[in-house]
Amino acid sequence: MKLYNTLTKKIEDFNPLNPPFVTYYTCGPTVYDYTHIGHMRTFTNNDLLKRTLTFLGYKVKHVMNITDVGHLTGDDDTGVDKLEKGAKKTGKTVWDLAKFYTEFFFKTTDALNILRPDIIAKATDHIPEMVQLIKKLQEKDFIYETKEAVYFNTAKFKDYGKLSGQKLTDKKIKARADVYLDPEKKNATDFALWFKRVGRFAAHTMHWNSPWGDGFPGWHIECSAMSMKYLGETIDIHAGGVDHIAVHHENEIAQSEGATGKPFVRFWFHNNFLTIAGQKMSKSLGNFFTIEDLNKHRIEPLALRYLFLQSHYRQVLNFTWDSAKAAEEGYNKLKAYVRTLQKQTQRTTLSAEKLKKLEDLRQRFIAAISNDLQTTDAVAITWELVKSSIPSGDKLDLLFEFDQVLGLKLNEVREEKIPEEIAILKKQRDEARKQKNFKKSDEIRKEIETKGFVLDDTETETVIKKA
Ligand code: AMP
Ligand code: ZN
């Protein structure tokens, strides 16, 4: 497989360290607010990579963290802990808040048919591992302590900046009146490994004992500690959003490689943003939609997955309700074809010509996904298959094979059970449409809708489903 590696800024041949096993870590959510569809683009593409590797015969071990402490509102150690802020806003405890939003996160990923990781690691369950790692860095003289925190000294790590390509001096934090900076911090790029429960954090609710006093860990150390605990000191792939390159992942590299002296990650996989009106969809800008908003617009979550498949993960994708609606129509059309094929499914012996066409489509599909996840091509090849003259039984088999990567639940497409009364109305409407009596067909559509069903007119048939 060919995969773009942010570290080398090149598309490279991907080969795991210990084939057929692939060690895969994805940065998970910070559970202080609702998961939105912007996050889902990143998690869907992470899932596509995992499904592709599995499809190609690798055995993937996937670990994802849940950040429930230490992630400040400013990635550069400024601001307040996102969870403490969320708890204050909602009146919940930090623990209840984390539980509530973790559940919402998985409700969303399940709805998008994103496979659950093998190990889900909560930051608050791994404080001893983080303390151990900081101790190791202390032994190697990478850290210093101030009255407020324990910092990683980035000037001591000669490769600092190798992921983002920025030099230490480029990353100056602008002095702003509203931003608090520790006066004892030595370099602007130094980052906190441990915050002490003093000063601005004196009332921090989550806190643990450590050799550097009562306090809580920084955000970056959690991913290094948990990745190493479950996957080893050098892993094959580490994934996240492009916003993590410059600070979070740069810092993960510094502290991990500082501690072990070994390469931390072989391939860095970064997803580009889902934007809205050209701006990153984000919790802090408040310009986000959740799966509940999709429900309100009567767009099913898997239609969003279909939308994501139609852009490359390294490109920005701008979200509009029109594009979501178009994706829903495309997805419904695909499902309508599956329903039609299921009704036919005759098995004939394939002619040499059709067998060749089938194999050609399979090989082109594999080539597309193995080429740095060219999902747009993979979807186009899927449509080519659907419209080909290959007999329906064989066509369905290959379609379901493709769907192991696409994850559109095509093998769960069924004719919905429709009450007799609605079925009669639909028949009457089909008749009215045939006679081009659109006024009558519209009236019947409205009547069907008031009874809790919706109609979707595709090229081949009218699909009816529960609203
Ligand atoms: P957070 O909970 O903010 O740490 O984000 C979890 C993951 O979602 C990270 O990998 C982010 O990079 C990613 N993410 C956040 N917003 C977006 C967006 N608008 N588009 C794509 N990925 C995003
Ligand atoms: Zn992370």
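A quick note: this is a predicted structure, and the numbers were derived from the prediction, not measured. First listed ligand is number 1; within each ligand, the first listed atom is number 1.
Aromatic ring centres of Phe191 and Tyr151 lie farther apart than the 6.0 Å criterion allows. The aromatic ring centroids of Trp219 and His244 lie less than 6.0 Å from each other.
The distance criterion of under 3.5 Å between nitrogen or oxygen atoms is met by Gly241 with respect to ligand 1. Here's the thing with Gly28: none of its N/O atoms is less than 3.5 angstrom from an N/O atom of ligand 1.
At a 4.0 Å heavy-atom cut-off, ligand 1 touches Asn272 through the backbone alone.
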Could you list the donor-acceptor pairs under 3.5 angstrom formed by side chains in residues 16-24, with sequence neighbours left out?
{"residue": "Thr23", "atom": "OG1", "partner": "Asp236", "partner atom": "N", "Å": "2.9"}
{"residue": "Thr23", "atom": "OG1", "partner": "Asp236", "partner atom": "OD2", "Å": "3.2"}
{"residue": "Tyr24", "atom": "OH", "partner": "Asn46", "partner atom": "O", "Å": "2.8"}

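Arg314 forms a cation-pi arrangement with Tyr4, by the criterion of a distance under 6.0 Å to the ring centre and an angle within 45° of the ring axis.
Between the side chain of Tyr337 and the backbone N or O of Trp383, no donor-acceptor pair lies under 3.5 Å. A donor-acceptor pair is defined here as one N or O able to donate and one able to accept, closer than 3.5 Å; no such pair exists between the side chain of Glu233 and the backbone of Met228. Arg266 places no side-chain N or O within 3.5 Å of a backbone atom of Pro263 that could act as its donor or acceptor partner.
Between Lys196 and Asp214, no side-chain nitrogen of the basic residue sits less than 4.0 Å from a carboxylate oxygen of the acidic one, so the salt-bridge criterion is not met.
For the pair His36 and ligand 1, a heavy-atom separation below 4.0 Å is found. At least one heavy atom of Asp243 sits closer than 4.0 Å to an atom of ligand 1. Residue Ser282 places no heavy atom under 4.0 Å from ligand 1. Under a 4.0 angstrom heavy-atom cut-off, Thr67 registers as lying outside contact with ligand 1.
For Lys9, the NZ atom sits in a packed shell: over 12 heavy atoms of surrounding residues, nucleotides or ligands are nearer than 6.0 Å.
For atom 19 (N) of ligand 1, the closest non-hydrogen atom of the protein is Met281 O, 2.7 Å. If you check which protein heavy atom lies closest to atom 4 (O) of ligand 1, you get Thr30 OG1, 3.4 Å. Atom 16 (N) of ligand 1 has as its closest protein heavy atom Lys280 CE, 3.4 Å.
Within the structure, every pair that satisfies the salt bridge (Lys or Arg N to Asp or Glu O under 4.0 Å) test and touches residues 89-105, not counting sequence neighbours, is listed here: Lys99-Glu103.
Protein N/O/S atoms nearer than 2.8 Å to the Zn ion (ligand 2) total 3.
Among Ser284, Gly38, Gly240, the residue whose heavy atom sits closest to atom 21 (C) of ligand 1 is Gly38. Summarising the contacts of atom 15 (C) of ligand 1 with Lys82, His244, His249, His39, the nearest heavy atom is found in His39.
If you check the side chains of Glu222 and His126, you find no donor sitting under 3.5 Å from an acceptor.
With sequence neighbours left out, His312 forms a ring-ring contact (aromatic ring centres under 6.0 Å, His included) with no residue at all.
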